[in-house]
Amino acid sequence: MKLWLGTGLVAQEDAHLSPFDRGFTLGDGLFETMRVRQGAVLRLKAHLARLATGAGVLSLPLPALDLAAALAATAEANALTEGALRLTLSRGTGPRGVLPPAEPNPTLVITAAPLPAPAPPARLVIAQGTRRNDRSPLAQVKSLNYLDNILARQEAARRGADDAVLLNTRERVAETSIANLFAVIGGDLLTPPLSEGVLPGIMRAAVLAEGAGERPLTPDDLSRAEEIFLTSALGIRSVAALEGHEVTGRAVAEKLRARIPGA
């Protein structure tokens, strides 16, 4: 396997990162996971726009190179026609301390992977041990610090579930540890607005473009949903159960999979 490191492609065994990279020491950076279909990155402009927005929030300079070309070269070098690319951008090396260096030298890594096997409908629980901070600007940034998500996913595993729904500081629904969440309630397809501490997902935007609405949702709202599904850049996944209660609907998710490329 080859990956992109810095300014060009290298073999995986020759790739090395500094132990002083702030992505490693502080989680100071961003990432994007992108779906490759028929050799092309789906919704590439949206991914690069979100990366640029996140970089602005962190005051993190983007590399002075053509990121689209780097992504395409990585896919081609790995003969990836159907799969996923992950772009990771850290602030690079720096001295000890939290304050970033005045002139950072960002580290860029792009890796390629095949698509995971289709997952069965997910069993969800509502995370009890952590909350999404809806007042933090980081709630809408795909940062390298995923510890709240990791804690929620660990809790889900302990409770025999596939994923956990993260509530925000107002005890309302934000998203799951790895995906945006949609629910059909009273015949309406709804998802929490970004103000609830929601990551602006790329597939989420595609589903909104198909007519979904935004509204704050509570756990009680989810308990009476006819259908729940999760969205990420790699697709749409139906939900089979929430807190042990069966969720039977699949029709809306199936319709969207037929309409949205890569869903």
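We count residues from 1, following the sequence as given.
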Do [X] and [Y] come close enough that some side-chain heavy atom pair is under 4.5 Å?
| X | Y | value |
| --- | --- | --- |
| Leu85 | Thr33 | no |
| Arg50 | Leu30 | no |
| Leu67 | Leu51 | yes |
| Arg172 | Asp221 | no |
| Leu167 | Val173 | yes |
| Pro121 | Val239 | no |
| Thr191 | Arg215 | no |
| Arg204 | Ser232 | no |

Cluster check [X], [Y]: I/L/V/M/F/W/Y, side chain < 4.5 angstrom:
| X | Y | value |
| --- | --- | --- |
| Ile178 | Met34 | no |
| Leu44 | Leu80 | yes |
| Leu42 | Ile202 | no |
| Leu60 | Val57 | yes |
| Leu87 | Leu58 | yes |

Exercise. For the pair Leu230 and Asn180, evaluate side chain to side chain contact (heavy atoms under 4.5 Å, CB included) and give the outcome as yes or no after the intermediate values.
Key: CA-CA 6 Å; Leu230 311 178; Asn180 293 123; over 6 Å; no

Please report the interatomic distance [atom1]([X]) to [atom2]([Y]), rounded to the nearest 0.5 Å.
| X | Y | atom1 | atom2 | value |
| --- | --- | --- | --- | --- |
| Thr218 | Glu171 | OG1 | CD | 11.0 Å |
| Gln154 | Asn149 | CD | CG | 11.0 Å |
| Gln140 | Asp134 | CD | CG | 10.0 Å |
| Thr25 | Asp28 | OG1 | CG | 7.5 Å |
| Trp4 | Leu71 | CH2 | CG | 9.0 Å |
| Ile228 | Ile185 | CD1 | CD1 | 7.5 Å |

Practice problem: Kindly state each residue pair satisfying side chain to side chain donor-acceptor pair (under 3.5 Å) with at least one member in residues 61-85, sequence neighbours excluded. | Solution: Arg35-Glu82

Quiz item: More than 12 foreign heavy atoms under 6.0 Å from NZ of Lys142: is that the case here?
Solution: yes

Quiz item: Would one find more than 12 heavy atoms of other residues, nucleotides or ligands at under 6.0 Å from atom CZ of Phe31?
Solution: yes

Practice problem: Might you work through the side chain to side chain contact (heavy atoms under 4.5 Å, CB included) test for Leu190 and Phe182, ending with a clear yes or no? | Solution: CA-CA 6 Å; Leu190 301 167; Phe182 285 81; over 6 Å; no

Practice problem: I would like to know whether Leu147 and Thr130 meet side chain to side chain contact (heavy atoms under 4.5 Å, CB included); could you show each step before the answer? | Solution: CA-CA 10 Å; Leu147 290 176; Thr130 187; over 6 Å; no

Quiz item: So, Ser238 versus Arg257: side-chain donor-acceptor pair below 3.5 Å or not?
Solution: yes

Give a yes or no answer on whether the side chain of [X] reaches the backbone of [Y] with a donor-acceptor pair at less than 3.5 Å.
| X | Y | value |
| --- | --- | --- |
| Glu32 | Leu48 | no |
| Asp163 | Thr176 | no |
| Glu227 | Val252 | yes |
| Glu155 | Ala164 | no |
| Arg91 | Pro61 | no |
| Glu175 | Val165 | no |

For [X] and [Y], which heavy atoms make the closest approach, and how far apart are they?
| X | Y | value |
| --- | --- | --- |
| Pro120 | Arg237 | O-NE, 2.7 Å |
| Leu166 | Ala127 | CD2-CB, 4.3 Å |
| Leu9 | Ala77 | CD1-CB, 3.8 Å |
| Leu65 | Ala70 | CD1-CB, 4.3 Å |
| Gly160 | Arg123 | O-NH1, 3.0 Å |
| Gly197 | Ala174 | O-CB, 4.0 Å |

Self-check item: Residues Glu243, Arg159: salt bridge by 4.0 Å N-O rule
Solution: yes

Quiz item: salt bridge (Lys or Arg N to Asp or Glu O under 4.0 Å) with Glu196: which of Arg132, Arg131, Arg170?
Solution: Arg170

Quiz prompt | Test side chain to side chain donor-acceptor pair (under 3.5 Å) applied to Thr88 - qualifying residues, sequence neighbours left out | solution = Arg86

Let me check something: any side-chain donor-acceptor pairs from residues 97-118 under 3.5 Å, sequence neighbours excluded? List them with distances.
unit_1	atom_1	unit_2	atom_2	d
Thr107	OG1	Asp21	OD2	2.7

Practice problem: Given side chain to side chain contact (heavy atoms under 4.5 Å, CB included), test Val247 with Phe229 step by step and report yes or no. | Solution: CA-CA 10 Å; Val247 181; Phe229 60 84; over 6 Å; no

